[in-house]
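We number each residue from 1, following the sequence as shown.
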Amino acid sequence: MKITFYGHNTLLIQINDIQVLVDPFISGNPLSKDKVDIHSIKADYILLTHAHQDHVLDADTIAKNNKATIVSNYEIAMYYQNKGIEVHPMNHGGNWEFEFGKVKYVNAIHTSSFADGTYGGQPGGFVIEGEHKTIYIAGDTALTMDMKLIPLQAKLDLAILPIGDNFTMGIDDAIIASDFVECDKVLGVHYDTFGYIEINHNEAKRKFFEKNKDLMLLEIGESIEL
């Protein structure tokens, strides 16, 4: 499993030969728009955690460019189905075996609406199992006790957690979240994009290190392999 960071909460996950894109927000992201060409991205599936513009801005274009399937909650799926895009609707607690592996849609505490005001259902996160690896993508969320349910059913190899604070949990809560999901290897997302969520990278890494945890902060376009 190869994971490439495209800024904010945008990730491209390669599982075997399948490309899974998460929360595509590139063309409107000042940190990534000049570094990543959305028309060059190859995606078979697009997973959307919720409907906010900074998570779905480029979903329409990339889905149509690739004839990709959008996977999200029912409301988001129907929104894109009405645009002629192939979708797979899910909802909280549900699992589905895709060609690349198993996906579970799990709880998140946040809000969710499209830029045009359309209701985007309830926000969520994803637990993805593929190539004998399991990752948790929290999406935009507060720290929640529901995270404690995840290790009861899955042993995580990586937790992908928002750390920018203000709109989501910050560094200190993300450390607790990593305890809740029982995973000390963390990829930080949802930071630095806007003034509200700028972080001190060294301080963030130090805090995780002091708790015997590994916080990875990738450069845009940088990848890791599990």
Residue pairs fulfilling ring pair (Phe, Tyr, Trp, His ring centres under 6.0 Å) with at least one residue in residues 116-151, sequence neighbours excluded: Y105-F126
Gap between atom CD1 of I76 and atom OG1 of T49 - 0.5 Å precision: 7.5 Å
K133 with E129: basic N within carboxylate O range, under 4.0 Å: no
Closest non-hydrogen atom pair, K83 against D60: CD-OD2, 3.2 Å
Residues that, via side-chain heavy atoms closer than 4.5 angstrom, fall in one hydrophobic cluster with F194: F25, L57, F167, Y196, I197
D140 and T168 side chains, donor-acceptor separation under 3.5 Å: no
Pairwise ring pair (Phe, Tyr, Trp, His ring centres under 6.0 Å) hits with a residue in residues 35-61, at least two apart: H8-H55, Y45-F98, Y45-F100, H50-H52, H50-H55, H50-H110, H52-H110, H55-H190
Donor + acceptor pair across side chains of Y79, D116 (<3.5 Å): yes
Exercise: identify the closest heavy-atom pair between G221 and T4: O-CG2, 3.7 Å
Test log, rule side chain to side chain contact (heavy atoms under 4.5 Å, CB included), inputs Y80 and L48: CA-CA 11 Å; Y80 286 104; L48 302 177; 3.6 Å; yes
Atom pair CD (Q122) and CD1 (I109), whose distance is rounded to the nearest 0.5 Å: 10.5 Å
N-O pairing of K213 and D179 below 4.0 Å: yes
Heavy-atom side-chain contact between Q19 and N66 under 4.5 Å: no
Rounded distance [0.5 Å steps], CD1 in I160 versus CD1 in I128: 7.5 Å
salt_bridge(K207, D172) N-O dist < 4.0 Å: yes
